[in-house]
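Below is one structure, written out as structure tokens; comments come after it.
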Amino acid sequence: MTTQQFPRPPLLSARQTELCSVLERLTAERGFVPSVREIAAAMNVHPSRVSQLARSAAAKGAIAWEPGTARSWRVVRQPLDPKGRRPRS
């Protein structure tokens with residue numbers, strides 16, 4: 001009997017995981033998706049770094065957004081931390 005192997009989702013870096021957490025937290029607190037600058041302020045990074053993190057997290061399937069649409073980011077799946085565990089809430 002063979003067992004079916006499912007591909008493991010790509011792991012996110014600590015900063016990518018933080019981006020997903022901040023995005024979910026700020027969205028829940030405010031009722032709408034935060035801007036890149038608001039996310040950057042919450043993470044204490046430059047807005048261009050937020051964009052880099054978002055692109056890499058999107059490539060791994062953790063977040064998605066509509067190109068050309070402001071404030072359209074959303075977390076698609078709960079990310080795994082670098083050790084392969086779900087972050088605690």
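The basis for the numbers below is simple: all heavy atoms, side chains too, and nothing from hydrogens, waters or symmetry mates. Keep in mind that what you see is a predicted model, and the values were worked out from it rather than measured.
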Side-chain donor-acceptor pair present, R55, Q52, cut-off under 3.5 Å: no

For L26 versus P34, what's the shortest heavy-atom pair and its separation? CB-CG, 3.7 Å

Work out which heavy atom in V22 is nearest to a heavy atom in M43; give both atom names and the distance. CG2-CG, 3.9 Å

Here the pair of heavy atoms bringing C20 nearest to V75 is O-CG2, 3.7 Å

Looking at every heavy atom in both R37 and P47, which two are closest together, and how far apart are they? CG-CG, 4.1 Å

Closest approach of E38 to S35 (non-hydrogen atoms, all atoms of both residues): OE1-N, 2.7 Å

Taking only Lys NZ, Arg NE, NH1 and NH2, and the carboxylate oxygens of Asp or Glu, determine whether E18 and R25 approach each other closer than 4.0 Å. no

May I ask you to test the W73-I39 pair for a side-chain heavy-atom distance under 4.5 Å? yes

When you look at S51 and V36, which way does the side-chain contact (heavy atoms from CB on, under 4.5 Å) test go after all the steps? CA-CA 7 Å; S51 296; V36 172; 4.2 Å; yes

Check for a donor-acceptor pair, side chain of S13 on one end and backbone N or O of Q16 on the other, with a separation under 3.5 Å. yes

Can you name the closest pair of heavy atoms from L12 and K60 and give their distance? CD2-CD, 3.5 Å

From OG (S56) to CD1 (I63), nearest 0.5 Å: 8.0 Å

Considering only NZ, NE, NH1 and NH2 on the basic side and carboxylate oxygens on the acidic side, decide whether E24 and R74 come within less than 4.0 Å. no

